[in-house]
Protein chains: 2
Amino acid sequence: MDSLDYKIISSLVDNGRSTWSELASNLQMSAPAIADRVRRLEEQGIIKGYSALLDSETLGYGMTAFISISIDRMEHRALFLAKVAELAEVQECHHAAGEDDYLLKVRCRGTKDLDRIISEELRQLPGVFKTRTTIILSTVKETHNIPLTESD
Amino acid sequence: MDSLDYKIISSLVDNGRSTWSELASNLQMSAPAIADRVRRLEEQGIIKGYSALLDSETLGYGMTAFISISIDRMEHRALFLAKVAELAEVQECHHAAGEDDYLLKVRCRGTKDLDRIISEELRQLPGVFKTRTTIILSTVKETHNIPLTESD
DNA sequence: GTTATCACCTAATTTAAATAGTTTATTTTA
DNA sequence: TAAAATAAACTATTTAAATTAGGTGATAAC
C-alpha cells in the first residue's frame, strides 16, 4: 500500500467503472501496471468488489429508519440473525455495546411497510422484547468512503 | 422500469464492473441493447454511479460508532452541517425524528480517534449540547441493496 | 558478485464498447 | 382503419480498451 495504491482506490471509489487506461493516463502509468495493482488490491481483500449505487427514493424506498433491538436470551439470537439476513429491507445490522443489543438500518417504502417489518417480522421473533425506532426525516450525508490520507 | 431493468440493476449491484457483453449473454440480449438501457437508467438517476467497495478493517478503520446529537438552536445548524461534511470519518448524517436531532455513522481507527472526533470536533461546535455514542462490537449485515422484487 | 524478485514497460493480440444503419412492434394521429 | 411516428431491439462495423507475452532496470537475498 503506497500512495499510488491510495490514488487508485480513491479513483475507483469515485468511479467504479473507470477504465485502466483512464486511470493510467491520470496517474502517468501504463494500463497493465494499473491492472496489476488493482488485481493485487482485490486479492488482498482491500477492494471487496464493485457496485452500482442506486437512488432508493426513485425506486420507491423513500423511508429510512434505525431500529434498536433488545434480545432477552442467547439462544434466541440465531433465529433473529437469520431473520435479519432474510429481510431485504434491513440494510445493516450491528451488534451494539450499550443499552440495546442490535442496531438495524432499514430502508422501506413508507410507514405501512415499516410497521409490517417491526410488528410482523421483528417483534414476532422469540426473545425480542424491546424495540426503539428512529425515523429519518432527511439525509444530509451518505457515503461509504474511508479517509485515505493517513498511512497503512 | 420493467423486469429486464430490474435484472440489469441487480446484476450491476452485485458486480459494478460487469461488461455489457457479459450482461447481454446472461439476459439473452445484444450488448448495445444493454448499454442503451443502462444509459437510460443512469439518465433517470436510478443508477447514481458506481463505486469500489473497500474493506475498512484492512484499511485500518476497524471501529464503527453511531452518534446521536442534539443541537439547541436553529442558527447553529449550518456550522454543524459544514463540520459533518468536512469530517471524512463521518460516513452518514441523518436528520432524525424523536429525542435527538441528528444521527451520525462514524468510521474511525479506534477509541482515541473516536474520542478526538467527539471531544475535539463535534462537542466544540456551538449548539451541540448533548451526544450519545453507541459503539459497534461487530457487524452482522451491511449492504446497500434495495428490494428489487416489487413493482415501480 | 551473482541471482531472484518485483514492478514496471512496450508491443501484439484478443475482447469489449461505441456507432451507424436497419427491422419490427406498438402507439399516435389523420 | 390506415399511415406515420416512436421505441427498442438487432447486426455489422469501427474504435477503444483489456489482456497477454516478453523484456528492462532497480532492489533485495544469497
Side-chain angles (χ1 to χ4, degrees), chain A residues 1-61 144-152, chain B residues 1-61 144-152:
Chain A
M1 283 292 295
D2 58 12
S3 76
L4 209 52
D5 285 324
Y6 276 108
K7 284 175 192 162
I8 291 170
I9 287 172
S10 174
S11 298
L12 287 173
V13 168
D14 290 345
N15 178 14
R17 285 190 72 88
S18 161
T19 64
W20 306 155
S21 311
E22 206 181 322
L23 289 174
S25 76
N26 289 341
L27 301 175
Q28 317 277 7
M29 290 179 77
S30 71
I34 297 286
D36 267 5
R37 277 177 177 263
V38 172
R39 187 184 38 72
R40 262 174 269 150
L41 290 166
E42 288 168 358
E43 282 168 1
Q44 288 176 279
I46 291 169
I47 295 176
K48 288 194 289 185
Y50 305 88
S51 183
L53 306 177
L54 306 182
D55 187 313
S56 29
E57 294 222 14
T58 310
L59 286 162
Y61 284 77
H144 51 274
N145 288 27
I146 287 164
L148 291 174
T149 44
E150 297 172 49
S151 69
D152 197 47
Chain B
M1 283 294 294
D2 58 14
S3 75
L4 209 53
D5 285 325
Y6 276 109
K7 285 175 191 162
I8 291 170
I9 288 171
S10 175
S11 298
L12 286 173
V13 168
D14 290 344
N15 178 12
R17 286 190 72 87
S18 160
T19 64
W20 306 155
S21 312
E22 206 180 324
L23 289 174
S25 77
N26 289 342
L27 302 174
Q28 317 275 9
M29 289 182 75
S30 70
I34 298 287
D36 268 4
R37 276 175 177 264
V38 172
R39 188 184 38 72
R40 263 174 266 151
L41 290 166
E42 288 167 357
E43 282 168 2
Q44 288 175 281
I46 291 169
I47 295 176
K48 289 194 289 186
Y50 304 88
S51 183
L53 306 177
L54 306 181
D55 187 312
S56 29
E57 294 222 13
T58 310
L59 286 162
Y61 284 78
H144 51 274
N145 288 26
I146 287 165
L148 292 173
T149 44
E150 297 172 48
S151 69
D152 198 47

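Just so it is clear: chains get the letters A, B, ... in the order the sequence lines come, proteins before strands, and each one is counted from 1.
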* Which of these nucleotides, C:dC8, C:dA17, D:dT11, is closest to any side-chain atom of A:Asp36? -> C:dC8
* Distance in angstrom units between A:Ile34 CD1 and C:dT10 C1', rounded -> 16 Å
* Candidates D:dA18, C:dC8, D:dC10 - which lies nearest the side chain of B:Met29 -> D:dC10
* Would you mind telling me which of B:Val13, B:Leu41, B:Asp5, B:Ile8 makes a side-chain contact (heavy atoms from CB on, under 4.5 Å) with B:Ile47? => B:Leu41
* **Validation row: B:Leu23, B:Leu12 side chains within 4.5 angstrom (heavy atoms)** => yes
* Asked: Can you check the B:Asp2 CG to C:dT26 C1' distance for me, whole Å?
  -> 15 Å
* **Integer-rounded Å distance: D:dA16 P and A:Leu23 CG** => 18 Å
* Answer with base, sugar-phosphate or nothing: what part of the nucleic acid does B:Ala33 contact at a heavy-atom distance below 4.0 Å? => sugar-phosphate
* Rounded to the nearest Å, what distance is computed from the OH atom of residue B:Tyr50 to the P atom of nucleotide C:dA17? -> 12 Å
* **Atom-pair distance (CD on B:Glu22; P on C:dA16), nearest Å** => 8 Å
* Structure fact -> Ranking D:dA17, D:dC10, D:dA8 by distance to the side chain of B:Arg37, first place goes to D:dA8
* To do: Using the ring of B:Trp20 (Phe, Tyr or Trp, six-membered ring only), decide whether A:Arg17 places NZ or CZ under 6.0 Å from its centre and within 45 degrees of its axis.
  => yes
* Asked: When we call it a touch if two heavy atoms are under 4.0 Å apart, what does A:Arg39 touch: a base, just sugar-phosphate, or nothing?
  -> nothing
* Base, sugar-phosphate, or nothing: which does B:Ser30 touch, judged by heavy atoms less than 4.0 Å apart? -> base
* Could you tell me which non-hydrogen atom of B:Ala31 sits nearest to which non-hydrogen atom of B:Ala24, and how far apart they are? => N-CB, 3.6 Å
* To do: Let me know the distance between CE of B:Met1 and C1' of D:dA8, rounded to the nearest Å.
  => 16 Å
* To do: Let me know the distance between CG of A:Leu27 and P of C:dA7, rounded to the nearest Å.
  => 17 Å
* Structure fact -> With the side chain defined as heavy atoms from C-beta on, B:Arg40 is closest, among C:dC9, D:dA8, C:dC8, to D:dA8
* Using a cut-off of 4.0 Å on non-hydrogen atoms, how would the nucleic acid contact of A:Ser21 be classed: base, sugar-phosphate, or nothing? -> sugar-phosphate
* Structure fact -> Between CG of A:Asp5 and P of C:dA7 the distance, given in whole Å, is 9 Å
* Taking the side chain of B:Leu4 as heavy atoms from C-beta outward, which of C:dC8, D:dA18, D:dA9 is closest to it? -> D:dA9
* To do: Compare the minimum distances between each of D:dT19, D:dA9, C:dC8 and the side chain of A:Trp20, then state the nucleotide with the smallest one.
  => D:dT19
* Of the non-hydrogen atoms in A:Asp55 and B:Gly45, which two are nearest, and what is the gap between them? -> CB-O, 3.2 Å
